[in-house]
Amino acid sequence: MIEVRNLTKRYGESTAVDDLTFSVRPGVVTGFLGPNGAGKSTTMRMIVGLDAPTSGEALVGGTRYRDLQHPSRTVGCLLDASWVHANRSGGAHLKMIAAAGGISQSRVDEMLGLVGLTEVAGRKVGGYSLGMRQRLGLATAMLGDPEVLMFDEPVNGLDPEGILWIRRFMHARANEGRTVLVSSHMLSEMAQTAQDLVVIGRGQLRAQTSVDEFLSRGAATVVLRTPHVDEFTAAAREEGVRATFDPVKGVFTVVDATAVWVGDFAASLGITVHELTEKRASLEEAFMALTDDDVEYHGQEATE
């Protein structure tokens, strides 16, 4: 488990993280979201002791990272896939990390197999693709068989196959009971990967909740298709229902309602229903609604 308590990080007059408190539970993938400059990377660096907090603390399993007896066996992280020496082979890199952490060399071969790099273990990392470097970073994080895993933008630049593989990798680790925290700007991917969310803006906590609860905050809309347009229009107006008809698509959009309510309402009118679909805000829409005031730089609206 990861616990962040009143964590603050200042650089001169600039505050990167501001009295931030949240926790990350084991057994699920937790998405760590926020606009650029929100303080996500700084927070993750403080959790693993790469940056010292101005105040507050970050604990892993109830202990500060610097006080862990075996850090690499407790926390594994991928914060920057490009940090590996380009002239060192992937296998040599893992062996060096294993030796430094007192980890069996047999674990190196096991992790190379886990991430699918066995055949290229002897190649220099400088010749690896971005996806291969990401996989090497995952193997490095897993070397010590840690209880806690942290990944910062692990799917950047990957093709669809690579993204799917990393998603399954993280789900498998969470299913083993590990604590998995992953930062990403790819919100559509986070919607399929994470079960919990921690959302920050300008270094402050904006939300900590499950993905389902986060999405439920957005207004629900219902799409209704019926041949009885006039009857439904008149009844909706009389009932005070917010329904808009699109003559091109031939459907009603009903705001602030559920499919069950609209279906029951249509049944009470005795009209035929050809389509009834409930739609909620996407993760991207809900995220933008929550953090719009935290975005530092807004571009002009696109025009057609």
Does a side-chain heavy-atom distance below 4.5 Å link [X] with [Y]?
| X | Y | answer |
| --- | --- | --- |
| Leu181 | Leu149 | no |
| Thr15 | Lys9 | no |
| Phe169 | Met142 | yes |

Looking at [X] and [Y], what are the two nearest heavy atoms and their distance?
| X | Y | result |
| --- | --- | --- |
| Asn6 | Thr21 | N-OG1, 2.8 Å |
| Met190 | Gly31 | SD-CA, 3.8 Å |
| Tyr65 | Ile47 | CB-O, 3.4 Å |
| Arg206 | Ile200 | CG-C, 3.9 Å |

Nonpolar side-chain network containing Val251, other nodes, edges under 4.5 Å:
Val223
Can you list the other members of the hydrophobic cluster that holds Val229, where links are side-chain heavy atoms under 4.5 angstrom apart?
Val222, Leu224, Phe232, Val241, Phe245, Phe252, Val254, Trp261, Val262, Phe265, Leu269, Ile271, Val273, Leu276
Is Glu57 paired with Arg5 through a side-chain N to carboxylate O contact shorter than 4.0 Å?
yes
If you apply the rule salt bridge (charged side-chain N to carboxylate O under 4.0 Å, His left out), what do you find for Arg135 with Glu161, and how did you get there?
CA-CA 13 Å; Arg135 290 182 184 236; Glu161 187 279 333; 3.5 Å; yes
Would you say the side-chain atoms of Glu3 pair up with the backbone N or O of Val60, donor to acceptor, closer than 3.5 Å?
no
According to side chain to side chain donor-acceptor pair (under 3.5 Å), who are the partners of Ser183, at least two apart in sequence or on a separate chain?
Asp152
For Glu238, I'd like to know if atom CD has over 12 heavy atoms of other residues, nucleotides or ligands within 6.0 Å.
no
